[in-house]
Amino acid sequence: NSITPSKKSKTAKTRKNINIKVKVNGGIGTKYYKYYYILDGKKTDISKYVTKSSISWKPKKAGTYTLCVTVKDDAGNKCTGKISRYVVVK
């Protein structure tokens, strides 16, 4: 299982798209993805649970983010992945 940003560098600019792609093996039935980030110790949702394994998001504020996704399946199994120290600059 993995979560990857759209480019190899872990640096992006504010108001520019960051594409996040998730690869999950296994699970039962449909997989649901909830994307969120942590900035300055505060968790903020990017999306509610959706069935897309990728998402595009534009950060509004510069800072060092942790990008996260929680995946659950029809049986209620969950796993979480993250990218730490993703830097967003102006």
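This is a predicted model, so every value here is computed, not measured.
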### Message
Is there a side-chain contact (heavy atoms from CB on, under 4.5 Å) between Cys68 and Ile38? Walk through the geometry before answering.
### Response
CA-CA 8 Å; Cys68 306; Ile38 300 168; 4.2 Å; yes
#### Entry: Check: Tyr32/Asp74 side-chain N/O donor and acceptor closer than 3.5 Å
yes
### Query
Hey, mind stepping through Tyr65 and Tyr86 against ring pair (Phe, Tyr, Trp, His ring centres under 6.0 Å) and telling me if it holds?
CA-CA 5 Å; Tyr65 289 73; Tyr86 197 97; 7.7 Å; no
### Query
Between Arg15 and Val88, is any pair of side-chain heavy atoms under 4.5 Å apart?
no
### Message
Please give me the minimum heavy-atom distance between Arg85 and Lys10, naming the atom from each residue.
### Response
O-CE, 3.8 Å
### Task
Taking atom types as modelled, find out whether Thr66 and Ser84 have a side-chain donor-acceptor pair closer than 3.5 angstrom.
no
### Query
Is there a path from Tyr35 to Tyr49 through hydrophobic residues (I, L, V, M, F, W, Y) whose side chains come within less than 4.5 Å of each other?
no
#### Entry: Lys52 to Tyr33 six-membered ring, cation-pi geometry met (6.0 Å, 45°)
no
### Message
I'd like to know if the side chain of Lys31 reaches the main chain of Asn25, judged simply by a donor and an acceptor atom lying under 3.5 Å from each other, with no hydrogens or angles considered.
### Response
no
### Tyr36 with Ile83, same ILVMFWY side-chain cluster at under 4.5 Å
no
### Task
Write down the atom of Thr14, the atom of Ala62, and the distance for their closest heavy-atom approach.
CG2-N, 3.5 Å
### Task
Measure the CG-CD1 distance between Asn77 and Ile28 for me, rounded to the nearest 0.5 Å.
5.5 Å
### Message
Can you tell me how far apart NZ (Lys13) and NZ (Lys58) are? Round to the nearest 0.5 Å.
### Response
14.5 Å
### Query
If you round to the nearest 0.5 Å, how far is CG of Leu67 from CD1 of Ile55?
11.0 Å
### Task
Take Thr70 and Lys82 through the test side-chain contact (heavy atoms from CB on, under 4.5 Å) and record every step on the way to the result.
CA-CA 9 Å; Thr70 296; Lys82 67 181 181 177; over 6 Å; no
#### Entry: Smallest separation among heavy atoms of Pro59 and Lys16, with atom names
CD-O, 3.5 Å
### Query
Roughly how far, to the nearest 0.5 Å, is CD1 of Ile46 from OG1 of Thr44?
8.5 Å
### Query
Yes or no on side-chain contact (heavy atoms from CB on, under 4.5 Å) for Val22 and Val71, after CA distance, side-chain angles and deciding distance?
CA-CA 9 Å; Val22 180; Val71 182; 4.2 Å; yes
## Note on the structure
Closest non-hydrogen contact found for Thr64 with Leu39 is O-CD1, 3.5 Å
### Query
How many angstroms lie between OG in Ser56 and CD1 in Ile18, if you round to the nearest 0.5 Å?
9.0 Å
### Message
Given 3.5 Å as the limit, does a donor-acceptor pair link the side chain of Asp45 with the main chain of Lys48, or not?
### Response
no
### Task
Give the cluster check for Val24 versus Ile20: same hydrophobic cluster or not, with ILVMFWY residues linked at side-chain heavy-atom distances below 4.5 Å.
yes
### Message
Nearest 0.5 Å, please: how far is NZ in Lys34 from OG in Ser47?
### Response
8.0 Å
